[in-house]
Structures are given as C-alpha cells and as structure tokens.
Amino acid sequence: MSEKEVKKNHIVIFDSTLRDAEQSPGASLNISEKVEIAHQLAKLNVDVIEAGFPVSSPVQFQAVQRIAREVEGPIIAGLARTVKKDIDSAAEALQNAKRWRIHTFTSTSKVHMEHMLRMSSDKVLAKAVEAVEYARSLTPDVEFSCQDATRTEQAFLREMVQAAIEAGATTINIPDTVGYGIPHDYAMMIADLVENVPGAKNIIISTHCHNDLGLATANSIAAVHAGARQIECTINGLGERAGNASLEECVMALSVRKDILKLETQIETAEIYRTSRMVARLMGIDVQPNKAIVGANAFAHESGIHVDGLLKNRETYEIMTPESVGVTKTKLVLGRHSGRHGFKVRCEELGFEMTEEILTEAYEKFLVLADKKKEVFDEDLIALLSDETEELKETFKLDYMQVSSGTATLPSATVRVLQGELILQQAAWGDGPVDAAFNAINAAINMQPKLEKYTISAVTAGKEAMGQAVVRIKEGGRIFVGHGVSTDIIEASTKAYINALNHMMAHSLESK
Ligand code: KIV
Ligand code: ZN
C-alpha cells in the first residue's frame with residue numbers, strides 16, 4: 001500500500017475527554033488530574049488531545065499550558081470561539097507543544113444564529129473566515145467546527161465549509177451537537193460535503209457526535225464510511241448531556257469490522273481499559289456494567305450455553321478478546337512474601353511509574369494490606385496506587401477517627417484533622433456512622449460543603465475485600481470528587497471525604 005493510500009485509510013482519533021467531557025456536569029478535574037489523563041491518552045496513542053478551552057478560565061489555561069509543555073506524541077488542541085481573544089489565548093497556552101492545533105467554532109444552524117449568536121448568517125460567515133485566517137497566521141494546523149451542523153441548512157453548511165477551507169482550515173468538523181442525527185442521514189450530509197465542496201478532498205472532514213438518541217457511535221462510523229477521516233470522541237463516552245461518541249466503541253468497531261470498513265486507527269487498544277478506569281476514577285463517574293468494551297460485564301459470560309460454547313472455542317461468543325482492549329484475566333497477584341522487587345515490577349506492569357519515595361510509601365501500605373487480606377489482586381493494587389500517586393496538596397489530613405454505631409445506639413464519631421500545625425478535633429452524631437463522621441469533619445474544619453453523592457463498592461469479591469468510596473461535594477457551583485480505599489469501609493469513606501475537601505481547597509488555591 002502506498003503512503004497516500006495508508007493516509008487515506010487512517011482515521012484520526014481526536015480525544016475530547018479533557019474538553020467536552022470535562023465541561024459536563026460534575027466531571028471537573030484539577031490540573032494535575034488533567035495532565036495525568038493526557039499522559040495516558042498519549043500512551044493510548046490518540047492523534048489529537050483536545051486539552052481544554054483556554055480562554056474560559058485561568059485553570060483551563062494553565063491545564064492546557066501544562067499539557068502542551070509536558071505531554072509528548074499527540075497534537076495538542078485548544079478550543080476557541082471565532083473571537084480574537086479566544087484564539088490568542090489558545091495560541092499562547094499551546095505555544096510549547098511540539099505540534100498544536102487551534103480549534104475554532106461557531107454555530108451555523110438558524111436556531112443558534114438567531115437566538116444565541118443574534119447575528120445574520122452573513123455576519124457569522126464573515127467572522128468565521130476572519131477567525132480561521134487569523135488562526136492560520138499563528139499555526140499551520142487549524143480546525144473549524146460548524147456547531148449544530150446537523151440542524152443547519154445544507155446549502156449554508158456547504159457555503160460555510162467552503163469559506164473555511166478557503167480561509168485555511170485544515171480540518172472541518174461537522175458536529176451533531178444535539179445528538180439529532182441518524183446514521184443514514186448524517187452519512188449523506190458528510191458524503192455531500194466531501195463530494196461537492198471544492199477543496200474538501202484536500203482537508204480532513206471530522207465527526208463530533210453527541211449521544212442524545214444513543215446513536216453517537218453509529219453516526220460516527222456511518223460518517224467515516226461516507227468519507228470523514230477524523231472522529232472526535234471521549235473515553236467512556238462522557239460528555240455534555242448523554243455524552244459523546246465513545247472512543248473505545250468507535251476504535252473497536254473500526255478494528256473488529258475492518259473487513260467492511262477498511263479503515264485504520266493508530267490506537268494502542270491494549271491501553272483502552274486502563275484509560276477507561278483512570279477517567280472513571282478521576283472524574284468520579286462510574287461506567288455502567290453493560291457498557292460496550294469497558295463495562296464490568298462486557299466480557300462476562302453467564303448462561304450455560306454461552307459458557308459451554310466459549311470453553312469449546314472463544315470465537316463462539318467473543319468478537320474480540322478481552323486482552324485486545326487490556327482487560328486481563330490475571331487475578332492473583334501478590335502476597336506478603338512477594339518482596340519489594342516483585343511489588344515494584346507488578347506496579348510497573350500496571351502502568352504506575354513511581355519515584356523511590358512513593359514506592360517506599362506504597363510498599364508499606366501494601367504490606368499492611370497484605371496482612372489484612374490473604375490475596376492481593378490487581379484491582380486492590382490499582383486502588384491503593386491510585387491513592388498513593390495522586391499529586392495533590394493535602395490541606396487536611398485525617399489523624400484520628402473513632403466511630404460508634406449499633407442497633408441500639410445513636411451513631412456518633414470523633415475525628416482529629418490536621419491542618420498544617422493546627423489540630424482540629426470534634427465529635428458529632430448522624431443518621432449512620434458515615435454521616436456522623438462527615439458531620440464531625442465539617443464541625444472540625446468549620447465548613448459545610450453540600451454532599452452531592454456518596455458511593456461505596458467492593459474493589460474485589462469476598463468479605464475481606466477493600467471498600468472503595470467515592471464522594472462528590474459541591475461548593476461555589478463546582479463539584480469536587482474524592483476517593484478513599486480501605487478494608488474498613490468507614491475509614492474508606494472518611495478518607496474519600498477528606499480527599500474531596502482537599503480537591504476543593506486545591507481548586508481555590510489554583511484559581512487565585
Ligand atoms: O458539540 C459541539 O458542537 C462542540 C463543538 C464546540 C465542537 O462540542
Ligand atoms: Zn460537543
């Protein structure tokens with residue numbers, strides 16, 4: 001195959017987890033979490049990381065800037081409206097990346113132009129051209145998006161796409177912003193642009209599908225079948241409202257059905273599961289068990305007929321192997337006698353690269369855990385290491401906690417929290433032991449953030465399994481997520497609450 005043909009068959013995977021997914025309700029991340037996810041996206045080998053919307057806040061700007069400086073491999077993109085100050089801000093944040101892209105967008109549907117932009121279509125077009133030309137004067141890689149394209153009149157869409165190409169856009173994105181498209185229709189819209197807009201064959205036409213009708217992946221695949229060559233997608237399908245097309249679904253559909261699609265991505269599919277877990281953990285949004293590719297049941301077989309078939313030949317009921325997306329069936333990992341070296345090697349295999357200092361601390365925690373649990377599984381290690389490797393300034397530290405509860409007593413808790421040199425100690429009661437512990441912490445630190453969500457789940461099976469708690473709190477209109485693990489579920493919950501408070505404090509420092 002010639003280089004040109006290879007290129008023709010290559011689908012650019014543009015990941016928008018750090019922009020579209022991150023702006024969805026309750027999914028916000030702090031800067032170091034974004035950087036951590038961006039490094040993992042680089043390992044996954046996505047072509048483009050959309051790192052954020054730099055002009056929208058100082059935290060967004062700094063996150064894009066750090067990703068541009070630190071993350072090697074993918075093109076780093078920043079979002080901008082068709083406004084000079086947005087484009088300048090994106091260009092400044094992206095400056096230090098080896099390869100970077102300005103992604104500028106405006107709305108093109110009547111309803112958006114009339115009610116949101118309050119501009120005539122001529123004015124919208126003129127501003128778009130000006131923005132693309134300006135962005136092109138700053139970088140050779142410019143993407144232009146026609147927001148709400150699927151509800152845009154096709155003649156105007158053609159005109160807009162042609163104008164943006166003439167102004168220098170190298171990628172044109174046709175978003176299904178409100179998840180309104182259906183595969184056949186959306187494919188026809190893409191094919192029409194590819195075929196009929198002058199210059200469209202020399203640039204990349206891109207898809208960006210939302211999932212309001214549950215069709216985001218289907219629409220994206222229909223679009224590439226019709227000539228689009230970039231898919232914008234997110235890990236676990238997270239994003240505004242019902243989410244975006246899921247990266248793992250699009251990539252595996254292209255891989256498993258290469259027989260008819262004849263298209264390729266450069267994704268390291270064995271990194272998919274790890275990336276999915278990382279995003280679920282850091283955003284505090286669980287993956288539904290029956291979610292394609294990465295859900296807990298995606299490779300679980302229960303019924304007798306299926307199990308019988310699988311035992312005879314895996315292909316009877318599996319269209320891809322769990323290993324191909326990084327789901328390993330290795331269960332038993334380590335015990336107390338595995339030693340520091342064995343522990344270090346397994347941590348590295350699980351994708352955690354640690355400094356000697358963090359390794360020492362993590363190993364000590366592992367020994368404590370191995371004393372409590374006979375068998376330490378990969379999932380236990382991942383939970384423990386995720387806690388350990390988090391880069392977060394700890395304003396509050398839990399020093400001591402005592403909780404009492406039972407069928408005939410009012411649940412109560414006493415906590416001692418350290419804030420630098422300060423020792424903060426309080427007692428409180430509540431509806432249950434966890435509520436009592438959270439109330440005591442609130443009293444100690446003299447704060448009352450709103451508890452939005454609290455979940456506790458077992459990391460592995462068995463009664464000695466570690467409990468993994470996730471807490472979401474709301475303060476000043478923002479959500480902060482905290483995690484905690486322990487074989488004691490009250491301790492896991494309390495750690496998660498303190499962790500969420502530390503995220504809240506770190507955010508207020510970052511925003512200053
Ligand atoms: O859904 C959408 O239209 C977007 C654009 C900003 C690309 O996210
Ligand atoms: Zn979107």
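Just so it is clear, the structure is predicted and the values come from calculations on it, not from any experiment. Atoms considered below: every heavy atom in the structure, side chains included; atoms not considered: hydrogens, waters and symmetry mates. One-based numbering, in listed order, for ligands and for the atoms of each.
- Side chains of Val12 and Val48 form a contact here, defined as non-hydrogen atoms less than 4.5 Å apart.
- Remark: Asn502 CG to Phe480 CZ distance equals 11.5 Å, nearest 0.5 Å.
- Taking a cut-off of under 4.0 Å to the non-hydrogen atoms of Gln147, the atoms of ligand 1 that pass are 3 (O).
- Taking the side chain as every heavy atom from C-beta outward, Arg257 and Asp259 approach each other to under 4.5 Å.
- Residues Glu232 and Glu143 have side chains in contact (heavy-atom distance under 4.5 Å, counting atoms from C-beta outward).
- Contact annotation: for His208 versus ligand 1, heavy atoms closer than 4.0 Å belong to the side chain alone.
- Annotation: atom 3 (O) of ligand 1 to nearest protein heavy atom, Thr177 OG1, 2.6 Å.
- The ligand atoms of ligand 1 that sit less than 4.0 angstrom from a heavy atom of His210 are 1 (O).
- Within ligand 1, the atoms closer than 4.0 Å to a non-hydrogen atom of Arg19 are 4 (C), 5 (C), 6 (C), 7 (C), 8 (O), numbered from 1 in the order shown.
- In summary, Lys450 and Glu452 engage in a salt bridge, as defined by a charged side-chain N under 4.0 Å from a carboxylate O.
- The atom name of the N/O/S atom in Asp20 closest to the Zn ion (ligand 2) is OD2.
- For the pair His103 and ligand 1, the shortest N or O to N or O distance does not fall below 3.5 Å.
- Coordination check, Glu232 versus the Zn ion (ligand 2): failed, since every N/O/S atom of the residue sits at 2.8 Å or beyond.
- Around the Zn ion (ligand 2), the angle linking His210 (NE2) with His208 (NE2) is 100°, rounded to 10 degrees.
- Side-chain contact between Tyr180 and Asp176: present, with at least one pair of heavy atoms (C-beta onward) separated by less than 4.5 Å.
- The structure places CD1 of Ile235 at 9.5 Å from CE of Met283, a figure rounded to the nearest 0.5 Å.
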